[in-house]
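These notes are about the structure you will find just below.
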Amino acid sequence: MGTSPERRPRREPDTGTPPPADEPGRQRAASRPHRLSARGDGDQAVPREPGRGHRRGRTSTPTRPATVAGRRRRADPLAGRRPTLTTRPGGDPELDGADDPPDGPDRRRIALTALVAAAAISAATLVAGLLTWVPDPADENGTARPLTAAEADRVAALRVTNLRDLRAGVRVTVGAHAARTELVGWVDWARPLVYLDVGGPGAGADRGLVQATASALLVRPDPGALPTPARPPLVPPADRWRMREPAGGHGLGAVRDLLIGLGADRVDRPATDGRRLRDDRVGGIPVDVFQAPLAPTGGPPPTLWVDADARLHRLTGRLADGTPVTVDLTRADRPTLHPVDALGGRPGQPRALTDDEAARLAALPARLRALGGAAVTVAAPLAPSANLRATGTADWTSPSAYLAVIEEGSGRRTLRWARPGRVAQVPRSPDGPATPPAPVPAALLAAPAHPPGDDLDRLLDAALRAAQRPPAGDAVRVREDRLDDRTVDVFGLPGGRRLWLDHGGVPRRMELRTGSGVWIRLDLTPGRPSGSGGSPAPASR
């Protein structure tokens with residue numbers, strides 16, 4: 001219809017935008033992608049043939065150049081042959097090949113049939129996928145995807161980042177509703193140490209304070225504490241701490257393991273099966289929410305709120321027994337923590353001895369023999385059932401020690417007599433006095449002796465041998481401290497022992513680290529106490 005194609009002048013397609021200044025009449029290649037035309041003028045993109053430029057199908061309104069006398073105008077007037085068909089520099093790929101001869105009807109029909117078949121196959125595949133797709137429960141908003149390599153590295157570095165930051169404030173919720181237990185306090189990954197106030201409707205007998213290391217868990221029960229926990233006192237109370245046997249997989253022991261396990265000294269292996277769930281903010285800080293395996297949690301992968309610097313801000317998951325747990329970390333709340341004496345006391349900065357400190361330790365045996373003896377008291381949470389208390393005397397001239405020992409809780413009481421390398425003991429009435437009787441009972445003198453057995457025996461043996469020779473091996477000064485209004489230096493000795501020595505060289509406390517990770521202490525008041533009955537005479541063996 002209308003003017004014959006041979007007589008119509010060539011025109012460029014109307015794109016609705018002015019052509020670029022550097023090449024009038026032609027659009028840039030990037031401005032028009034290959035597509036099926038939405039216009040009703042019959043334009044259709046045709047697949048490119050190998051070695052040929054991209055061509056338009058013939059239309060009722062062609063854009064081909066005009067011809068004269070039924071012959072096509074040559075594109076290259078300088079040659080007697082048709083030029084090589086290549087994409088022109090800066091040309092429009094949709095217009096490339098406009099100088100090609102028109103396609104035949106068979107070729108055009110085949111191309112259109114291929115396009116229709118490909119579209120039908122794609123549509124069938126999409127419908128089948130939609131019918132079989134089941135949404136991931138963790139993908140509530142449809143944005144979950146596998147972790148990128150950078151995100152997997154961030155999760156792998158999470159525990160090392162915690163150790164580098166040393167400490168953080170924590171709020172832990174275990175369980176839900178009426179069985180919910182809430183814990184507030186701090187975790188120190190460098191020591192490591194956990195210090196928490198326990199409350200909530202499900203706290204039960206655990207209500208009160210908790211301090212725990214990787215190997216020991218101490219509780220200070222307080223049934224009258226407020227139901228809602230608060231930050232515990234920064235300097236913990238000194239009394240009523242008891243050892244708790246951590247139950248595997250649940251309770252305080254599981255919380256302790258989870259919190260301490262969030263710190264590590266090496267990067268974890270990047271997770272290959274983790275997922276990024278969404279963006280979020282915690283305390284105004286932008287974070288990524290990941291679901292990925294984490295070493296201390298075990299079981300199903302927890303959900304982690306991690307910022308761009310690989311710092312963890314929140315964790316939700318389940319303990320080993322399946323109880324739900326949520327941990328919120330306050331990265332800016334990181335005071336220096338003070339462990340109770342049974343966990344080693346406040347931290348120090350161990351260093352090598354000065355000449356004066358080394359001389360005081362070397363003179364210790366002579367100093368003890370010159371003192372003669374001391375009143376002694378012992379305190380330690382040595383068993384989950386009860387604390388251990390003991391009072392008595394030590395005599396460095398014999399040398400020997402004589403004590404009355406009480407195991408709180410069980411009510412068991414014994415009298416104990418120790419000499420270097422051997423210990424004898426006899427039971428005592430549960431309602432007997434807390435101090436050893438004088439004179440020494442004959443039954444104790446006649447009791448068979450045995451090598452040091454428990455931690456108290458080992459501590460007494462170390463205290464008596466200190467009067468025979470100086471400490472062997474390398475010693476360090478742990479810190480300066482105060483004891484009974486005296487300034488003392490705390491020295492670390494080989495074998496898990498510590499000695500509190502005043503500036504005059506007089507020992508004020510001896511300590512021994514037990515196999516359960518707590519410190520048992522022997523406090524000394526130098527000088528033979530009156531009415532002690534003295535040291536028992538050695539019995540023939």
Side-chain angles (χ1 to χ4, degrees), residues 341 352-379 390-404 416-424 435-436 438-440 444-445 449 452 456-512 519-539:
D341 287 343
L353 304 182
T354 65
D355 292 342
D356 174 71
E357 292 163 350
R360 273 191 284 160
L361 284 180
L364 180 62
R367 185 64 169 159
L368 291 175
R369 293 193 297 269
L371 290 172
V376 299
T377 59
V378 177
T391 58
T393 59
D395 188 335
W396 287 296
T397 59
S398 309
S400 62
Y402 173 42
L403 295 91
R416 196 171 303 199
W417 173 46
R419 290 176 63 82
R422 50 193 175 130
V423 180
T435 56
V440 178
L444 180 59
L445 296 175
L456 176 57
D457 287 348
R458 292 172 53 220
L459 178 60
L460 292 175
D461 190 69
L464 296 176
R465 293 183 185 274
Q468 298 177 335
R469 56 181 178 272
D474 295 331
V476 297
R477 179 185 181 275
V478 177
R479 67 176 188 265
E480 184 179 85
D481 213 317
R482 297 281 297 177
L483 185 62
D484 296 333
D485 295 328
R486 291 184 177 85
T487 300
V488 296
D489 291 307
V490 181
F491 296 101
L493 307 177
R497 294 177 294 130
R498 294 199 306 198
L499 175 66
W500 298 46
L501 205 61
D502 67 20
H503 291 176
V506 176
R508 301 292 174 176
R509 176 178 289 176
M510 295 183 179
E511 292 178 303
L512 177 70
W519 291 85
I520 178 173
R521 70 178 187 268
L522 180 72
D523 287 313
L524 306 167
T525 304
R528 185 182 298 274
S530 59
S532 66
S535 299

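In this text the structure is predicted, and so the values were computed from the model without any measurement.
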Interatomic spacing from CG in Leu464 to CG in Leu460 - rounded to 0.5 Å: 6.5 Å
Side-chain touch Asp457/Arg416, heavy atoms, less than 4.5 angstrom: yes
Closest approach of Ala404 to Pro436 (non-hydrogen atoms, all atoms of both residues): CB-N, 3.7 Å
Leu459 side, atom CG; Ile520 side, atom CD1 - distance, nearest 0.5 Å: 5.5 Å
Minimum heavy-atom distance Val506-Pro526, with the two atoms named: CG1-CG, 3.4 Å
Partners meeting side-chain contact (heavy atoms from CB on, under 4.5 Å) with Arg509 (sequence neighbours left out): Asp341, Leu483, Trp500, Glu511, Arg521, Asp523
Minimum-distance pair of heavy atoms, taken over all atoms of Ala390 and Leu403: CB-CD2, 3.8 Å
Residue pairs fulfilling side chain to side chain donor-acceptor pair (under 3.5 Å) with at least one residue in residues 459-470, sequence neighbours excluded: Asp461-Arg465
Sequence-distant partners of Asp356, salt bridge (charged side-chain N to carboxylate O under 4.0 Å, His left out), two or more places apart: Arg360
Rounded distance (nearest 0.5 Å) linking atom OH of Tyr402 with atom CG of Asp395: 14.0 Å
Straight-line distance of Asp474 CG to Leu493 CG, nearest 0.5 Å: 11.0 Å
Salt bridge (charged side-chain N to carboxylate O under 4.0 Å, His left out) involving Arg479 - partner list, sequence neighbours excluded: Asp481
Closest non-hydrogen atom pair, Ala362 against Pro470: O-CG, 3.8 Å
Heavy-atom donor-acceptor pair, Arg369 side chain to Ala467 backbone, under 3.5 Å: yes
Point-to-point distance, once rounded to the nearest 0.5 Å, from CZ of Arg508 to CG of Asp489: 13.0 Å
Donor-acceptor contact below 3.5 Å, side chain Trp417 vs main chain Ala449: no
Pairwise side-chain contact, Leu499 with Leu364, heavy-atom cut-off 4.5 Å (strictly under): yes
From CA spacing to verdict: side chain to side chain contact (heavy atoms under 4.5 Å, CB included), Glu357, Leu501: CA-CA 10 Å; Glu357 292 163 350; Leu501 205 61; over 6 Å; no
Donor-acceptor contact below 3.5 Å, side chain Asp502 vs main chain Gly504: yes
By side-chain contact (heavy atoms from CB on, under 4.5 Å) - contacts of Asp485 (at least two apart): Arg482
Where Leu353 and Ala358 come nearest, the two heavy atoms and their spacing: CD1-CA, 4.0 Å
For the student: nearest non-hydrogen atoms of Leu444 and Ala424, plus distance: CD1-O, 3.7 Å
Beyond-backbone contact of Leu368 with Pro399, side-chain heavy atoms, under 4.5 angstrom: no
Set of residues satisfying salt bridge (charged side-chain N to carboxylate O under 4.0 Å, His left out) with respect to Arg367, sequence neighbours excluded: none
